[in-house]
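This is the structure I want to talk about, given as structure tokens.
Counting from 1, the numbers follow the sequence of the chain as shown.
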Amino acid sequence: MFFKKKLKERPLPKHIAIIMDGNGRWAKKQGLPRSAGHVAGAKTFKNIARYCNKIGLSYLTVYAFSTENWKRPQQEVEGIMNLLRDYLRDAENFKDENIRVRFLGNREPLADDIKELMLKNENESKNATGLNLNIAINYGGRDEITTAVREIVKSGVAVEDITEELISQNLYTKDMPDPDFIIRPSGEYRLSNYLIWQSAYAEYWFSDVLWPDFSSKHLEKAIEDFNKRNRRFGGV
């Protein structure tokens with residue numbers, strides 16, 4: 001009872017971003033192929049997204065596939081893309097959960113059927129009023145900023161009129177609040193080219209837990225730590 005009461009009463013970050021890392025190492029520890037780690041990680045992603053919706057989080061952004069991940073073995077890349085297909089096809093079963101889904105990243109290199117499914121999911125969930133779920137696919141922070149600058153230059157904006165707000169409005173996350181909390185499990189301590197513009201004032205939380213083992217208890221511990229921090233944004 002105390003735990004349920006605590007969940008309702010404690011403040012939440014506005015926007016949590018998660019780097020879903022450690023699938024391959026998890027599989028290795030289990031004596032399984034890397035593909036099994038990605039399957040387990042996909043299950044964790046669904047559980048965490050549903051939990052975030054349940055507790056009333058406004059925005060959740062997850063790093064699913066980076067612009068650098070194409071360098072991985074072709075079989076592993078194909079496995080990840082097939083998991084994405086499965087999620088997109090299965091999304092029909094989550095319509096009643098009131099989650100709005102959007103995808104961040106360069107879609108051009110993706111297979112046509114994946115792009116069609118992504119667009120379908122975005123259109124069918126656009127009126128949802130619960131969790132705003134952003135899935136970063138073929139996403140890179142530097143690529144995002146480069147693309148934004150190119151769009152601004154093409155629009156003919158005068159140099160003196162280029163502002164931080166203008167750049168923000170040309171990013172994939174336009175019209176969204178910047179993440180105030182970034183979580184990275186798996187024992188790594190870096191951003192890995194993730195939301196590097198938007199994370200300027202984010203708080204960070206790192207854990208040795210590999211992503212497939214990450215649970216709602218770990219998320220609640222992270223939120224508890226977030227609420228203990230004094231965010232001054234350069235002030236005193």
Residues which pass side-chain hydrogen bond (donor to acceptor under 3.5 Å, both in side chains) with Y139, listed by chain and number, not counting sequence neighbours: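 Only E144 meet the side-chain hydrogen bond (donor to acceptor under 3.5 Å, both in side chains) criterion with Y139.
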
Main-chain N/O of G140 paired to S66 side chain as donor or acceptor, under 3.5 Å: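 Checked: no pair found.
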
Non-hydrogen atoms of L191 and I19 that approach each other most closely: O-CD1, 3.5 Å

Within-4.5 Å side-chain heavy-atom neighbours: V153 and R150: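 Counting from C-beta outward, V153 and R150 never come under 4.5 Å.
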
Rounded distance [0.5 Å steps], CG in N98 versus CG in L131: 9.5 Å

Charged N-O contact under 4.0 Å between E203 and R229: yes

Heavy-atom donor-acceptor pair, D180 side chain to A202 backbone, under 3.5 Å: no

ILVMFWY network linking V101 to L195, side-chain heavy atoms under 4.5 angstrom: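 Different clusters.
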
Closest contact, heavy atoms only, A222 versus W205: CB-CD2, 3.5 Å

Which residues share a side-chain hydrogen bond (donor to acceptor under 3.5 Å, both in side chains) with D178, sequence neighbours left out: none

Nearest atoms (heavy-atom pairs only) where P11 meets N227: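 Shortest heavy-atom contact: O-ND2, 2.9 Å.
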
Got a list of side-chain donor-acceptor pairs under 3.5 Å for residues 30-37, not counting sequence neighbours?
| from | atom 1 | to | atom 2 | distance (Å) |
| --- | --- | --- | --- | --- |
| R34 | NE | E76 | OE1 | 2.9 |
| R34 | NE | E76 | OE2 | 3.2 |
| R34 | NH2 | E76 | OE2 | 3.0 |

D90 side chain vs D86 backbone, donor-acceptor pair below 3.5 Å: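 Flag not set: sc D90 to bb D86 has no pair under 3.5 Å.
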
Closest contact, heavy atoms only, P185 versus D21: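 In terms of heavy atoms, the two residues are closest at O-CB, 4.0 Å.
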
Interatomic distance, L166 atom CG to T163 atom OG1 [nearest 0.5 angstrom]: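 OG1 of T163 is found 5.0 Å from CG of L166.
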
Main-chain N/O of L117 paired with N121 side-chain donor or acceptor, under 3.5 Å: yes

Non-hydrogen side-chain atoms of P179 and Y59 separated by less than 4.5 Å: no

Partners passing side-chain hydrogen bond (donor to acceptor under 3.5 Å, both in side chains) against T173 (at least two apart in sequence or in another chain):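 If we apply the side-chain hydrogen bond (donor to acceptor under 3.5 Å, both in side chains) test to T173, skipping adjacent residues, the hits are Q198.
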
Cationic N near anionic O, under 4.0 Å, R25 to E188: yes

Test item: R100 side-chain N/O and G130 main-chain N/O as donor-acceptor pair under 3.5 Å: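 Pair absent, no side-chain N/O of R100 close to backbone of G130.
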
From C52 atom SG to I16 atom CD1, the distance as rounded to the nearest 0.5 Å: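 Interatomic distance, C52 SG to I16 CD1, rounded to 0.5 Å: 5.5 Å.
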
Value rounded to 0.5 Å, distance of CE in M20 from OH in Y194: 8.0 Å

Reported CD-to-CG distance for the pair E220 and D225, which is rounded to 0.5 angstrom: 11.5 Å

E97-N53 side chain donor-acceptor pair, cut-off 3.5 Å: no

Main-chain N/O of P177 paired to H15 side chain as donor or acceptor, under 3.5 Å: yes

In one Ile/Leu/Val/Met/Phe/Trp/Tyr side-chain cluster, 4.5 Å: L119, L133: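 No; L133 is not reachable from L119 via cluster members.
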
R107 CZ: over 12 foreign heavy atoms closer than 6.0 Å: yes

Ionic contact status for K120 with E124, cut-off 4.0 Å: yes

Point-to-point distance, once rounded to the nearest 0.5 Å, from CD of E164 to CD1 of I167: 7.0 Å

Under 3.5 Å donor-acceptor, T44 side chain and P212 backbone: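 Yes; at least one donor-acceptor contact below 3.5 Å.
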
Side-chain heavy-atom pair N193, E68 within 4.5 angstrom cut-off: yes

Minimum heavy-atom distance D208-G187, with the two atoms named: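 Shortest heavy-atom separation between D208 and G187 comes out as OD1-CA, 3.4 Å.
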
Full working for side chain to side chain contact (heavy atoms under 4.5 Å, CB included) between Q169 and E165: CA-CA 6 Å; Q169 284 302 311; E165 178 60 25; 3.4 Å; yes

Under the ring-ring contact (aromatic ring centres under 6.0 Å, His included) test, residues paired with W211 that sit two or more places apart: F214

I80-L110 co-clustered via ILVMFWY side chain contacts under 4.5 Å: yes

Hphob cluster co-occupancy, L88 + I137, side-chain heavy atoms under 4.5 angstrom: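 Yes, L88 connects to I137 through the hydrophobic network.
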
Residue pair E224, K228: steps toward the salt bridge (charged side-chain N to carboxylate O under 4.0 Å, His left out) verdict: CA-CA 7 Å; E224 182 182 348; K228 293 176 182 176; 3.7 Å; yes

Short side-chain to backbone donor-acceptor contact, N134 and F103, under 3.5 Å: no

L171 versus A148, closest heavy-atom pair with distance: CD2-CB, 3.8 Å

Whether F226 and F181 hold their rings parallel, tilted or perpendicular, with breakpoints at 30° and 60°: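 Tilted.
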
Pairwise side-chain contact, R184 with Y189, heavy-atom cut-off 4.5 Å (strictly under): no

Side-chain heavy-atom pair N69, V77 within 4.5 angstrom cut-off: no

F65 backbone acceptor or donor facing N138 side chain under 3.5 Å: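 It does not hold such a pair.
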
Set of residues satisfying side-chain hydrogen bond (donor to acceptor under 3.5 Å, both in side chains) with respect to T147, sequence neighbours excluded: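 Result, side-chain hydrogen bond (donor to acceptor under 3.5 Å, both in side chains) vs T147: none returned.
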
Short N-O contact, E151 and K154, less than 4.0 angstrom: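 Judged by the 4.0 Å cut-off on N to carboxylate O distance, E151 and K154 do form a salt bridge.
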
Minimum side-chain heavy-atom gap R190-F206 below 4.5 Å: no

Main-chain N/O of E78 paired to N82 side chain as donor or acceptor, under 3.5 Å: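 Yes: the side chain of N82 pairs with the backbone of E78.
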
Linked, directly or transitively: W26 and V209 (ILVMFWY side chains, under 4.5 Å): no

N132 side chain reached by L60 side chain, heavy atoms, under 4.5 Å: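 No; the side chains remain at least 4.5 Å from each other.
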
Side-chain heavy atoms of I135 within contact of Y87, under 4.5 Å: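 A side-chain contact under 4.5 Å exists here.
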
